[in-house]
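Worksheet: the structure to be examined is printed underneath.
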Amino acid sequence: MRELAERLVREGGLTTPQYCTLLAQCDSDTLDYLRREAVRTARQRFGCGVFVRGLIEIGSYCKCNCLYCGLRRDNHTAERYRLSEEQILASCEAGYLLGLRTFVLRSGEDAWWSDERMCRIVKAVKEQYPDAAVTLSLGERSEESYRRLYECGASRYLLRHEAADKALYEKIHSADMSYQRRMECVDRLLSIGYQTGIGMMVGVAGQSVESLAEDIAFIANRKPQMVGIGPFIPSAGTPFAEQPAGDLRTTLLVLAIVRLVVPDALIPATTALATLSTEGRKLAILSGANVVMPNLTPSAERAKYSIYNDKAALGAESAEGLKELERELESIGYHIDFARGDFKKF
Ligand code: SAH
């Protein structure tokens with residue numbers, strides 16, 4: 001195993017079957033080695049700074065029916081909300097005053113967030129805070145829509161590919177969703193020039209080691225600027241409510257491998273990992289992650305963006321908790337880096 005791991009470190013990539021072997025047979029020494037190398041790779045580029053992004057969950061209505069997600073349209077127990085434009089701007093203001101210079105506007109897929117409305121919001125944020133970056137995470141949209149939003153000043157977009165393995169993609173999504181369309185959306189975002197984030201869950205029902213290996217190869221092939229990886233966490237009111245959560249060890253292994261495959265990428269220590277384990281955020285950083293996304297959603301709505309059970313949104317996972325986050329990072333020798341932290345090639 002060590003030999004394969006050393007080859008990955010040396011060459012920055014492996015074949016899909018080799019990723020498979022590494023994922024299936026990684027012993028704890030090899031895992032430690034890969035995490036150490038991933039941390040070294042991240043530190044060479046980013047030092048001991050961790051970028052922060054203010055996450056604003058602007059709405060929980062969703063027309064999709066993803067089998068794993070608590071926001072799915074058939075989950076009638078889910079509470080739905082939409083923030084007003086004033087609330088969104090007030091959240092940005094609160095974040096700006098805390099020092100945040102990236103705002104991530106995320107919602108379920110919801111036609112309410114039309115191009116016209118979103119362009120107005122993006123422009124307003126950029127006008128108020130010209131030195132801040134706006135990241136969108138609104139799901140699948142047309143080429144024209146992505147283009148218009150980009151022209152209005154959104155420079156980053158998060159759209160996880162969810163599964164590079166087509167059979168798995170189809171197992172975890174409803175029939176009205178299309179693997180091909182998802183991949184087209186990812187490629188559109190990359191070609192328009194967005195700093196694009198893709199990624200997947202670890203441990204979702206039906207995911208094999210082969211599927212994960214395909215995800216890693218897909219990431220190596222597309223070379224996105226950002227990669228979001230977190231464990232699957234069961235969500236009440238979904239078909240996967242009784243499925244087991246993804247495991248911590250595999251998530252950290254995948255994070256470390258991905259850091260080595262896309263060394264310059266911005267990789268968050270995801271909320272899902274912080275939800276799975278109280279040590280999740282620190283362990284992710286100690287596996288090569290370099291971004292944290294504190295939650296800025298107004299507290300009255302925060303619990304309603306419930307993509308899975310018991311989602312962490314308080315303490316170091318919240319924007320009000322930046323001090324707590326700073327202390328947590330200090331305990332492992334890191335600190336918050338308040339810069340915009342745009343992607344660059346080193
Ligand atoms: N509608 C947007 C935002 C979705 S929420 C979009 O399509 O991009 C962001 C991510 O949360 C999803 O891409 C998915 O990978 C993740 N997610 C959804 N349900 C989850 C669950 N039960 N456990 C862990 N992650 C989940």
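Whatever order the structure lists them in is the order used to number ligands and atoms, beginning at 1.
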Query - Partners meeting side chain to side chain contact (heavy atoms under 4.5 Å, CB included) with D264 (sequence neighbours left out) - result: R45, F343, K345, F346
Query raised in the report: What pairs meet the side chain to side chain donor-acceptor pair (under 3.5 Å) rule with one or both residues in residues 329-339, with sequence neighbours excluded?
Result: R43-Y334
Query raised in the report: Is it the case that S287 and R35 place a side-chain donor and acceptor less than 3.5 Å from each other?
Result: yes
Report task. Cation-pi check, R101 to Y96: give yes when NZ or CZ is under 6.0 Å from the six-membered ring centre and within 45° of the ring axis, no otherwise. Result -> yes
Query raised in the report: So among R73, R181, R72, K63, which one has a salt bridge (Lys or Arg N to Asp or Glu O under 4.0 Å) with E109?
Result: K63
Give every pair made of an N or O atom of ligand 1 and a protein N or O atom lying under 3.5 Å apart, one pair per line with both atom names and the distance to 0.1 Å, or write 'none'.
{"unit_1": "ligand 1", "atom_1": "1 (N)", "unit_2": "S107", "atom_2": "O", "d": "3.1"}
{"unit_1": "ligand 1", "atom_1": "13 (O)", "unit_2": "E162", "atom_2": "OE2", "d": "2.5"}
{"unit_1": "ligand 1", "atom_1": "15 (O)", "unit_2": "R160", "atom_2": "NH1", "d": "3.0"}
{"unit_1": "ligand 1", "atom_1": "15 (O)", "unit_2": "E162", "atom_2": "OE1", "d": "2.8"}
{"unit_1": "ligand 1", "atom_1": "15 (O)", "unit_2": "E162", "atom_2": "OE2", "d": "3.3"}
{"unit_1": "ligand 1", "atom_1": "22 (N)", "unit_2": "Y68", "atom_2": "O", "d": "3.0"}
{"unit_1": "ligand 1", "atom_1": "22 (N)", "unit_2": "I233", "atom_2": "O", "d": "2.7"}
{"unit_1": "ligand 1", "atom_1": "23 (N)", "unit_2": "I233", "atom_2": "N", "d": "3.0"}
{"unit_1": "ligand 1", "atom_1": "23 (N)", "unit_2": "I233", "atom_2": "O", "d": "3.4"}

Report summary line: For S137, the side-chain hydrogen bond (donor to acceptor under 3.5 Å, both in side chains) test, sequence neighbours excluded, returns R106
